[in-house]
Amino acid sequence: MAGAMTRYDPAAIEPKWQAFWEQDDTFRTPEGSDRPKTYILDMFPYPSGAGLHVGHPEGYTATDIVARYRRAKGYEVLHPMGWDAFGLPAEQHAILTGTHPRDTTTKNIATFKRQLKMLGFSYDWSREIDTTSPDYVKWTQWIFLKLFERGLAYQSEIPVNWCAALGTVLANEEVINGLSERGGHPVERVPLRQWVLKITAYADRLLEDLEGVDWPNSTRIMQEEWIGRSEGAEVRFDVAGHDASIEVFTTRPDTLFGATFMVLAPEHPLVESVTTDAQRAQVDTYVQQARNKSERDRQSSKEKTGVFTGGLAINPVNGAEVPIYIADYVLWGYGTGAIMAVPAHDQRDFEFATALGIPIIEVVSKSGTASDIPLQEAMIEHGVAVNSGKYDGLETAEFKERVTADLQAAGKGRARVEYKLRDWNFSRQRYWGEPIPVYFPVETEGDPRAGADFTIRYDQPKAVDESELPLRLPELDDYKPGEDPAGVLARARDWRFFQKNGKWFARETNTMPQWAGSCWYYLRFLDPHNPETLCSSELAQRWLPVDLYVGGAEHAVLHLLYARFWHKVLFDAGVVVTKEPFKKLVHQGMILGEDGQKMSKARGNVVNPDDIVDAFGADSLRIYEMFMGPLEATKPWNTSSIAGVRRFLDRVFTVTSRAAPDAEPDDALTRLLHQTIRKVTEDIEAMRFNTAISAMMVLTNELMKLEEIPSEALGILAKLLHPFAPHAGEEVWELLGHPPSIQREAWPAYDPALCEQDEVEVPVQINGKVRARITLPKDANEAQALAAARALPNLAAQLEGKPLRKIIWVPGKILNLIA
RNA sequence: GCCGGGGUGGCGGAAUGGCAGACGCAGGCGACUUAAAAUCGCUCGUGGAAACACAUGCGGGUUCGAAUCCCGCCCCCGGCACCA
């Protein structure tokens with residue numbers, strides 16, 4: 001082998017090894033050994049028509065390195081891939097071209113799969129799953145039935161942005177100043193019957209169990225804030241002159257004596273009854289305006305507006321009469337949709353009171369006495385109660401407890417916990433999603449399929465029988481949203497209506513959102529072909545939780561919260577035994593275009609992985625993406641830097657061509673080999689791939705200096721390199737005369753003793769400035785170091801005549817002399 | 001506004017209390033070549049001939065010693081944003 005010319009030709013070796021792995025079944029997940037398991041998972045992609053983006057291989061390479069490393073370390077590794085294939089783009093394409101979304105999806109999956117195979121990822125392809133396949137949909141629907149059985153899926157009339165002209169519901173982002181973004185048509189907030197999942201029932205568990213996961217701190221904080229737990233009190237204010245009361249939620253019951261008015265959200269049902277005739281016209285106008293604004297528009301203007309209803313409420317702590325207003329800064333969706341307003345201690349209430357000339361009463365003070373001058377802004381900090389009757393002088397925390405207890409005793413309130421988290425709107429009026437497996441009785445005189453009038457009893461939902469799953473989508477000619485808010489599927493009358501025992505029924509025509517399939521796919525990978533159950537409990541016990549989960553930070557809340565929610569429901573149903581699905585989570589950073597801007601078609605700065613593989617090879621792309629910087633960092637693409645990585649791989653083949661089977665590494669090389677093994681091993685464990693690659697470059701550069709290179713050294717290099725550049729690793733291993741596959745070789749071990757130098761070079765500082773270096777035995781003591789330093793003529797001169805005031809000796813690191 | 005992350009050569013980055021700039025890109029010089037590319041070698045923070053001085057967003061502090069720790073400020077990126 002020595003001396004043979006071995007040019008590195010990725011175009012030849014990459015397909016060669018991909019074919020070998022496929023035929024050899026190298027990456028099939030081993031089952032049933034007593035070796036430790038590792039489940040390494042990527043966030044599976046939506047197979048878009050644009051094909052793979054260079055951002056995809058970043059996370060996929062990182063997990064692939066860990067998977068290949070752990071196999072070499074003796075783990076049983078599960079590393080699967082699949083397709084999150086329901087979604088809007090395929091449906092939009094269908095609306096424009098008439099192509100069935102299934103055809104588009106099949107084509108796109110083929111492209112993605114070709115591209116992933118081209119990059120040499122070590123997936124166990126026998127476990128490939130597709131969220132749109134009937135096999136998979138069956139179990140997504142099955143989980144929905146579990147949610148329904150447990151009362152966690154319910155119907156609710158919730159306000160949506162309905163655009164009659166476009167015949168569709170719009171997302172908040174699509175509504176601008178009450179008009180549709182496309183076309184400028186009026187948009188109305190109308191209540192629409194939707195399926196909703198009761199994620200709020202799991203709010204506390206979703207919060208508590210974040211403690212136990214190894215996730216980025218920022219993601220945990222985002223989830224905590226999304227759930228938004230706050231503790232406070234519910235307080236009841238009676239309405240003067242009515243047999244009614246207003247419930248409010250407050251985190252500051254200690255400020256009750258400062259409540260100088262109340263505010264109802266415009267949607268609040270009591271608005272109607274508390275409004276006096278004199279105020280009715282004004283109130284109606286305000287309510288109408290608020291209704292036609294989208295939530296986003298309501299929140300975009302910070303200016304406080306509102307009107308007096310004419311009604312008065314009684315403050316339960318002191319019997320004071322306070323005016324009741326309506327204002328859109330109070331949100332119908334949070335708390336009780338009504339507040340007690342304390343302008344002295346809440347900035348929003350302060351602004352509203354100032355704008356409308358409402359009195360401001362200070363009830364909390366830093367000093368313990370009320371201010372002499374009017375407040376310029378709300379004092380929101382805690383302090384000591386003033387102007388609060390018998391509670392005066394109490395600290396905020398103690399006041400809260402006492403007044404809450406007193407209110408409870410008086411039947412006027414109680415402690416309460418509130419969340420920002422809302423129940424999850426699970427309905428889409430779209431085609432390309434999982435049909436919701438529910439049907440309803442129909443009241444009709446004829447055949448509704450033929451156009452007879454009908455009434456659907458939505459109040460009597462029935463679950464589709466498990467034996468009828470999967471409930472498949474009907475075939476349609478037209479996928480456009482229509483006039484019927486029931487959704488696209490409502491037009492498939494033959495599918496929608498059916499008879500059973502002589503009675504007519506109608507299927508639910510809403511479909512599930514795209515999140516549904518990705519909520520549980522990590523489970524199906526464990527048992528992808530099981531027709532009896534979504535995942536056998538033995539396999540769930542063996543493989544869960546996912547040990548490493550890598551994907552974009554854009555999923556920090558939605559996907560990662562929804563999946564945790566379903567997992568907990570499945571835990572309660574006995575399907576899984578771990579509380580959490582994903583133990584360690586890592587977000588890969590975004591790769592920007594060469595211009596430092598986000599890659600986009602419009603900017604023309606998109607890099608296509610196919611082009612890079614053609615020009616440099618898959619291994620160069622993989623190593624480049626790992627070498628760019630820390631995995632989590634956002635970093636700009638730079639094509640000329642890939643050339644450097646390619647040069648590194650070229651040099652690996654150059655040194656391989658100088659392999660000398662009988663040569664032995666000398667002491668210096670032995671030390672470098674052990675140091676490199678240690679560095680690469682530690683860096684893979686910590687997912688610091690950029691510095692691992694740097695260490696392999698250093699080793700390769702040293703080997704370049706040798707004429708005859710010990711084969712043993714090259715074998716170690718190949719083993720370290722192979723998780724990063726698997727094709728090159730296999731090829732070098734074979735060139736060295738070993739049988740494939742290098743994946744079956746054990747990870748090289750290092751001896752810490754052999755990593756150490758016998759002698760170390762230590763900088764000598766005078767007064768903190770480096771003035772010289774001394775070479776010392778590695779375990780030299782302070783006296784030896786000082787003697788060596790004094791022996792240096794230039795140092796002796798500098799120290800002359802000055803007594804040493806202090807000597808700092810950090811063994812093996814530094815000698816600092818203070819003169 | 002609030003929360004989180006970050007700011008180091010021409011560029012990507014390394015160093016997390018102990019020699020700032022590992023590794024790579026780009027650049028410069030040289031070898032090989034008729035020439036170029038490729039490859040190989042050397043060089044490469046700024047000022048200075050050198051000794052040396054200065055240098056990790058800005059200002060202060062702690063320490064024998066700070067890119068790293070603390071305080072204040074500026075800027076960039078991401079998230080949330082009237083949540084009572």
Side-chain angles (χ1 to χ4, degrees), chain A residues 216-222 224-226 228-230 232 248-252 255 259 262-263 265 296 298-304 327-331 333-342 345-349 351-352 380 418-422 553-554 556-557 587 589-590 592 594 596 598 623-624 627-630 632-645 647-648 650-651 654 679 688 690-698 700-701 704-705 761-773 794 805-819:
Chain A
N217 199 32
S218 55
T219 304
R220 283 191 358 206
I221 289 171
M222 268 194 234
E224 278 169 25
E225 290 179 349
W226 192 264
R229 183 180 202 274
S230 60
V248 301
F249 172 72
T250 176
T251 56
R252 294 294 301 274
T255 61
M262 302 198 74
V263 187
R296 171 162 295 215
R298 267 170 73 161
Q299 295 181 4
S300 67
S301 163
K302 296 273 179 192
E303 211 121 300
K304 301 287 174 291
D328 65 4
Y329 80 90
V330 173
L331 307 175
Y334 182 76
T336 61
I339 60 159
M340 64 176 217
V342 184
H345 306 289
D346 180 284
Q347 189 56 30
R348 297 151 301 183
D349 298 344
E351 285 164 23
F352 189 83
I380 57 176
E418 194 55 50
Y419 301 90
K420 287 186 204 170
L421 184 68
R422 302 268 69 91
E554 67 274 20
V557 269
H587 299 302
M590 211 192 332
L592 303 174
E594 222 148 352
K598 208 165 164 170
I623 295 204
Y624 172 63
F627 187 59
M628 291 172 86
E632 306 80 5
T634 304
K635 21 192 198 266
W637 183 267
N638 182 329
T639 298
S640 67
S641 287
I642 307 176
V645 161
R647 275 197 276 275
F648 160 59
D650 284 336
R651 282 197 280 264
T654 303
K679 178 74 178 151
R688 290 187 301 247
N690 53 332
T691 49
I693 292 164
S694 160
M696 291 186 280
M697 287 174 168
V698 170
T700 304
N701 291 344
M704 281 292 284
K705 296 173 186 166
E761 197 182 55
V762 176
V764 181
Q765 296 183 334
I766 309 281
N767 297 333
K769 303 258 183 202
V770 177
R771 298 296 174 183
R773 293 173 214 321
N794 61 331
R805 287 195 289 127
K806 197 168 178 184
I807 300 165
I808 290 114
W809 167 242
V810 183
K813 292 269 191 188
I814 204 156
L815 177 66
N816 190 6
L817 305 175
I818 313 304

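Chain letters run A, B, ... following the sequence lines, proteins first, then strands; residues in each count from 1.
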A.B. asks: Assign A:Thr336 to base, sugar-phosphate, or nothing according to its heavy-atom contacts below 4.0 angstrom with the strands shown.
C.D. replies: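 Counting heavy atoms under 4.0 Å across all strands, no contact is made by A:Thr336.
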A.B. asks: Would you say that A:Trp226 contacts A:Lys420 through its side chain, given a criterion of any heavy-atom pair below 4.5 Å between the two side chains?
C.D. replies: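 They are not in contact (no side-chain heavy atoms under 4.5 Å apart), so the answer is no.
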A.B. asks: When we call it a touch if two heavy atoms are under 4.0 Å apart, what does A:Met704 touch: a base, just sugar-phosphate, or nothing?
C.D. replies: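 Touches sugar-phosphate only.
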A.B. asks: Rounded to whole angstrom units, what separation is found between the CD atom of A:Glu594 and the P atom of B:C25?
C.D. replies: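 Rounded to the whole Å, the gap is 15 Å.
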A.B. asks: Ignoring the backbone of A:Thr250, work out which of B:A26, B:A84, B:A53 is nearest its side chain.
C.D. replies: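 Per side-chain heavy atoms of A:Thr250, the pick is B:A84.
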A.B. asks: Over how many whole Å does the gap from A:Met222 atom CE to B:C77 atom C1' extend?
C.D. replies: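 Rounded to the whole Å, the gap is 12 Å.
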A.B. asks: Given 3.5 Å as the limit, does a donor-acceptor pair link the side chain of A:Glu594 with the main chain of A:Thr639, or not?
C.D. replies: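 Flag set: sc A:Glu594 to bb A:Thr639 pair under 3.5 Å.
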A.B. asks: Could you check whether A:Pro630 gets within reach of a base, just the sugar-phosphate, or nothing at all, counting any heavy atom under 4.0 Å?
C.D. replies: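 The residue A:Pro630 makes sugar-phosphate contact but no base contact.
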A.B. asks: Just checking, A:Lys304 and A:Tyr329: is the charged tip under 6.0 Å from the six-membered ring centre and within 45° of the axis?
C.D. replies: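 The answer is yes; both the distance and angle limits are met.
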A.B. asks: For RNA chain B, what is the dot-bracket line, given that a base pair needs Watson-Crick (N1 to N3, plus N6-O4 or O6-N4) or G-U wobble (N1-O2 and O6-N3) geometry with both distances under 3.5 Å, and | means paired with another strand?
C.D. replies: (((((((..(((.....[....))).(((((.......))))).(((....)))..(((((..]....))))))))))))....
A.B. asks: Determine the interatomic distance between C1' on B:G45 and the same-named atom on B:G9; round to the nearest Å.
C.D. replies: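 After rounding to an integer number of Å, I get 5 Å for this pair.
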A.B. asks: Can you give one letter per nucleotide of nucleotides 16-24 of chain B, going 5' to 3': B for a protein heavy atom under 4.0 Å from the base, S for sugar-phosphate only, - for none?
C.D. replies: --BB--BBS
A.B. asks: Want to settle it: does A:Gly333 or A:Ser640 sit nearer the 5' end of RNA chain B, counting the closest nucleotide to each?
C.D. replies: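 It is A:Ser640 whose nearest nucleotide is closer to the 5' end.
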A.B. asks: For B:G12, measure the glycosidic angle (O4'-C1'-N9-C4 for a purine, O4'-C1'-N1-C2 for a pyrimidine) and name it syn if it falls within 90° of 0, otherwise anti.
C.D. replies: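 Nucleotide B:G12 adopts anti.
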A.B. asks: Enumerate the protein-to-nucleotides 27-32 of chain B contacts in which both atoms are nitrogen or oxygen and the separation is below 3.5 Å.
C.D. replies:
none

A.B. asks: Sticking with atom C1', work out how far B:G79 lies from B:C71, rounded to a whole angstrom.
C.D. replies: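 Pairwise C1' distance, B:G79 against B:C71, rounds to 27 Å.
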A.B. asks: Can you list everything that forms a ring pair (Phe, Tyr, Trp, His ring centres under 6.0 Å) with A:Phe627? Sequence neighbours excluded, please.
C.D. replies: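 A:Phe627 satisfies ring pair (Phe, Tyr, Trp, His ring centres under 6.0 Å) with no residue once adjacent residues are dropped.
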A.B. asks: Quick one: salt bridge (Lys or Arg N to Asp or Glu O under 4.0 Å) partners of A:Lys705, sequence neighbours excluded?
C.D. replies: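 Expected list: A:Glu702.
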A.B. asks: Given side chains that start at C-beta, do those of A:Ile642 and A:Trp637 come closer than 4.5 Å, heavy atoms only?
C.D. replies: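 Result yes, sub-4.5 Å side-chain heavy-atom pair found.
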A.B. asks: Tell me what A:Ile339 touches on the nucleic acid: a base, only sugar-phosphate, or nothing, going by heavy atoms under 4.0 Å.
C.D. replies: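 Counting heavy atoms under 4.0 Å across all strands, the contact made by A:Ile339 includes a base.
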A.B. asks: For nucleotides 2-5 of chain B, list the nitrogen or oxygen atoms of the protein found under 3.5 Å from its nitrogen or oxygen atoms, one pair per line.
C.D. replies:
none

